[in-house]
Amino acid sequence: MNQPNRIDSWLLQDDEKPLTITEDPKIPNAATILLRKQDHTLGNMIRAQLLLDPTVLFAGYKVPHPLENDIIIKIQTDERSNPADALKRACHLLIRQTVNIKSQFTDQAKNIEMGMGPDQSLATAQNNGYDPYADRQGGGTVVGGQVRDTIAGGADVYDF
């Protein structure tokens with residue numbers, strides 16, 4: 001089969017640089033950035049973050065060929081900044097947002113695992129008769145942060 005190995009389309013070679021910045025000689029404060037082995041996911045995230053920067057006049061990206069995993073980002077800034085600094089700020093903000101989202105997700109997953117709703121904390125749930133094992137010795141059955149009523153025989157009223 002003449003299909004290339006999938007891992008080769010995402011791993012950089014030993015001598016390959018992941019990022020190349022080329023200044024535009026015709027437009028002031030403009031540059032073209034080539035990101036190797038990346039796709040629309042990262043390109044669109046960086047473009048969107050760059051457009052939130054007040055010093056960025058233009059930000060766009062393209063994938064030169066659908067079979068190549070490279071993206072080209074064009075950035076133009078005003079005189080207060082340069083494209084490399086704008087890219088660095090955008091990447092730092094994206095990393096901070098990603099870490100924040102991961103932290104929130106982990107906290108919510110722990111709450112759900114413990115039987116609490118997304119808006120309840122562990123202290124609030126323990127004060128309301130939280131029963132982590134649903135063995136009825138710590139209160140009612142907690143599902144999604146609410147104590148559910150049970151009918152005679154121990155069946156949950158929401159069981160069908």
Side-chain angles (χ1 to χ4, degrees), residues 1-126 130 132-134 141-146 148 158-160:
M1 200 160 163
N2 62 5
Q3 179 181 4
N5 191 358
R6 285 187 176 188
I7 197 72
D8 292 337
S9 60
W10 300 106
L11 285 179
L12 291 169
Q13 301 298 323
D14 291 335
D15 60 341
E16 196 172 21
K17 293 182 179 181
L19 176 84
T20 305
I21 299 177
T22 308
E23 288 188 29
D24 192 331
K26 297 178 183 178
I27 303 171
N29 289 333
T32 301
I33 294 109
L34 173 65
L35 289 172
R36 288 182 176 72
K37 308 296 184 183
Q38 297 297 330
D39 62 0
H40 287 285
T41 304
L42 188 63
N44 194 35
M45 287 172 55
I46 291 174
R47 180 200 56 85
Q49 190 64 47
L50 283 166
L51 290 174
L52 294 175
D53 188 339
T55 65
V56 174
L57 300 174
F58 174 81
Y61 83 97
K62 68 178 181 177
V63 176
H65 193 276
L67 296 178
E68 296 174 7
N69 290 321
D70 296 335
I71 58 173
I72 296 173
I73 301 173
K74 300 242 184 205
I75 304 171
Q76 183 183 8
T77 61
D78 61 12
E79 62 279 348
R80 295 177 289 170
S81 182
N82 64 40
D85 288 341
L87 179 65
K88 188 183 284 189
R89 281 192 306 272
C91 290
H92 282 291
L93 286 171
L94 283 172
I95 290 168
R96 188 179 307 156
Q97 287 176 358
T98 306
V99 168
N100 188 19
I101 290 170
K102 181 181 178 184
S103 172
Q104 289 178 6
F105 178 82
T106 304
D107 291 345
Q108 295 300 320
K110 286 179 186 175
N111 285 348
I112 290 170
E113 185 178 89
M114 297 298 286
M116 295 180 289
D119 296 330
Q120 287 185 331
S121 67
L122 183 59
T124 307
Q126 286 176 344
Y130 173 65
Y133 301 107
T141 305
V142 178
V143 177
Q146 299 175 354
R148 286 190 163 182
Y158 300 104
D159 289 340
F160 298 102

### Task
Could you list the residues that satisfy ring pair (Phe, Tyr, Trp, His ring centres under 6.0 Å) with His92, not counting sequence neighbours?
none
### Between NZ on residue Lys74 and CD1 on residue Ile27, distance to nearest 0.5 Å
7.5 Å
### Task
Kindly determine whether Val63 and Asp39 satisfy side-chain contact (heavy atoms from CB on, under 4.5 Å), including the steps that lead there.
CA-CA 7 Å; Val63 176; Asp39 62 0; 5.9 Å; no
### Query
Looking at residues at least two apart in the chain, or sitting in another chain, which of them share a side-chain contact (heavy atoms from CB on, under 4.5 Å) with Asn82?
Ala84, Asp85
#### Entry: Atom NZ of Lys37 with >12 non-hydrogen neighbours under 6.0 angstrom
yes
### Message
Using only atom types and a distance under 3.5 Å, with no angle test, would you say the side chain of Ser103 pairs donor to acceptor with the backbone of Val99?
### Response
no
### Spatial distance of atom CZ (Arg47) from atom CG (Leu50) [nearest 0.5 Å]
9.5 Å
### Leu87 side chain near Ile46 side chain, heavy-atom distance below 4.5 Å
yes
### Query
If you measure from CG on Asp107 to CD1 on Ile112, what distance do you get to the nearest 0.5 Å?
11.0 Å
## Note on the structure
Applying side-chain contact (heavy atoms from CB on, under 4.5 Å) to Ile72 and not counting sequence neighbours gives Thr32, Leu34, Lys62, Pro64
### Task
For the pair Asn29 (side chain) and Asp78 (backbone), establish whether a donor and an acceptor sit closer than 3.5 Å, ignoring hydrogens and angles.
yes
### Task
Scan for side chain to side chain donor-acceptor pair (under 3.5 Å) pairs involving residues 16-27, sequence neighbours excluded, and state none if there are none.
Thr20-Arg36
### Summary
Those residues at least two apart in sequence (or on a different chain) that pass side-chain contact (heavy atoms from CB on, under 4.5 Å) with Gln104 are Asn100
### Residues in side-chain contact (heavy atoms from CB on, under 4.5 Å) contact with Gln38, at least two apart in sequence or another chain
Leu35, Leu42, Ile71
### Task
Kindly give the heavy-atom pair with the smallest separation between Arg89 and Ser81, and that separation in Å.
NH2-OG, 3.1 Å
